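Shown next, in structure tokens, is the structure this report addresses.
In this text the structure is predicted, and so the values were computed from the model without any measurement. Numbering of residues begins at 1 and proceeds along the displayed sequence. Read the numbers this way: they start at 1 and go in the same order the structure lists the ligands and their atoms.
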Amino acid sequence: MTESNAEWFERAQKVIPGGVDSPVRSFRSVGGVPYTVASGSGAYVRDVEGTTYIDFVQSYGASLLGHAHPAVIESIRAAALDGTTFGAPTRGEVLLAEALTARVAGLEQVRFVSSGTEAVMSAVRVARGATGRSKILKFDGCYHGHSDGLLVAGGSGVAQMGLPGSAGVTEGAVGDTLVAPYNVVPNLDDSVAAVLVEAVAANMNLVRPAENFLRGLRDECDRVGALLIFDEVITGFRLAQGGAEAYFGVRPDLWCFGKVIGGGLPVGAFGGSRSVLSHLAPLGPVYQAGTLSGNPLATAAGLTVLSRVSEDDYQALSVRVAGFAEELRAAIAASGLFALTPHEGPLLGLYMARESFTEPTNIEQARVLCDNGLYRKFFHAMLERGVALAPGSYEILFVSMAHSDDDLRRTVEIAAESAAIAAQL
Ligand SMILES: *Cc1c(COP(=O)(O)O)cnc(C)c1O
């Protein structure tokens, strides 16, 4: 009765396109058969064959406390006993909205949705409704979910597949989306409703914002009356308690959240000042809705996560990640490969090459490194030795609060061995 990853993936491919519900999970870009997860606990996941991995995927950042945290599970259980969805206001959504607005300066109101994609899509709609303008500007290599108008020049799986956008998206849908290179402040005019940015670009591997980039965006938006939207689906409640604004000292007009705020359940949120959000129905003419929005299980899980982390915890995790980043870099460099492990707060990137290189500042530079073929070798060597990295070179590493010093030390040792294997021609 032993189960195998191969068998489950076979079955999956028959009934789910590519065997997955999100493309990167398919291992297409690294080759091989994905492991099918049976369970997770803290820093670890276990597959259906019983193999345990130190997990740096962590649901691409959705789990901050690690998998199956007892307090989170208990809050979900307690919420479920009272019913899972009603289509009426619940206390949980009020409590989570209060928690978010208490932590992020300038964030006065939020509305919950069920994914990061929806959060960004809705924030853009509000921005257009509030300004009466149509164009939005995004940066090449930033990922903002899979809505039509935002897939153009996307990061993550879109970058991995080398796609300019996606089939099935009409020219009309992207006609109002302007694309600019990351880390260069664009010149705007008064046709632009909003500038949408990942304050730290974490879907083209890790690309950090240059000094004054975010400040420059703020000033340029103010100059032409455009709204600045921070897509904080990754950075929110991970970079710092107050998010990217607290970390970089630049305040956007609209925020998008997801991942961490759902505690591992499907949630997104978008928010801003009361005056901007007054354009939303039922107060204003911008329509937005959702059957499962503000779901009691998800808001309970998210609230539990947020209530268990303080600013000190973020600082402590950032310090640990900085140490880990340097050890990881050194371990890879010992193989003769060149490596950089840029980090911002607890967000950690990984670039490897055979020649020396400088830290990428945009997708063009990141692409050269992400596409050089080394990552797939390194990835498989790590996986065989019990460390699960994301199966794509455009993703980053997520160190959760559950990763122990010993987990990180073992990962560094395994990285040294794995780099030596990847370095062989
Ligand atoms: C993951 C992600 C999204 C999309 O969130 P989903 O929950 O996958 O729809 C949007 N923006 C950023 C920056 C993300 O990392």
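- Counting heavy atoms from C-beta on, the side chains of Val57 and Leu389 never come closer than 4.5 Å.
- Note on ring orientation: taking the six-membered ring where Trp is involved, the planes of Phe257 and Phe237 are tilted (angle from 30° to 60°).
- Side-chain contact between Gln109 and Thr101 is absent, with no heavy atoms from C-beta onward closer than 4.5 Å.
- Nearest heavy atoms, Val192 versus Arg133: O-NH1, 2.9 Å.
- Protein residues having a heavy atom under 4.0 Å from any atom of ligand 1 are Ser115, Gly116, Thr117, Tyr143, His144, Gly145, Glu198, Asn203, Asp231, Val233, Ile234, Lys259, listed by chain and number.
- Applying ring-ring contact (aromatic ring centres under 6.0 Å, His included) to Phe56 and the options Phe379, Phe324, Tyr44 leaves one that passes, Phe324.
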(message) One pair to check against side chain to side chain contact (heavy atoms under 4.5 Å, CB included): Arg308 and Thr304. What are the steps and the verdict?
(response) CA-CA 6 Å; Arg308 294 187 72 89; Thr304 302; 4.1 Å; yes
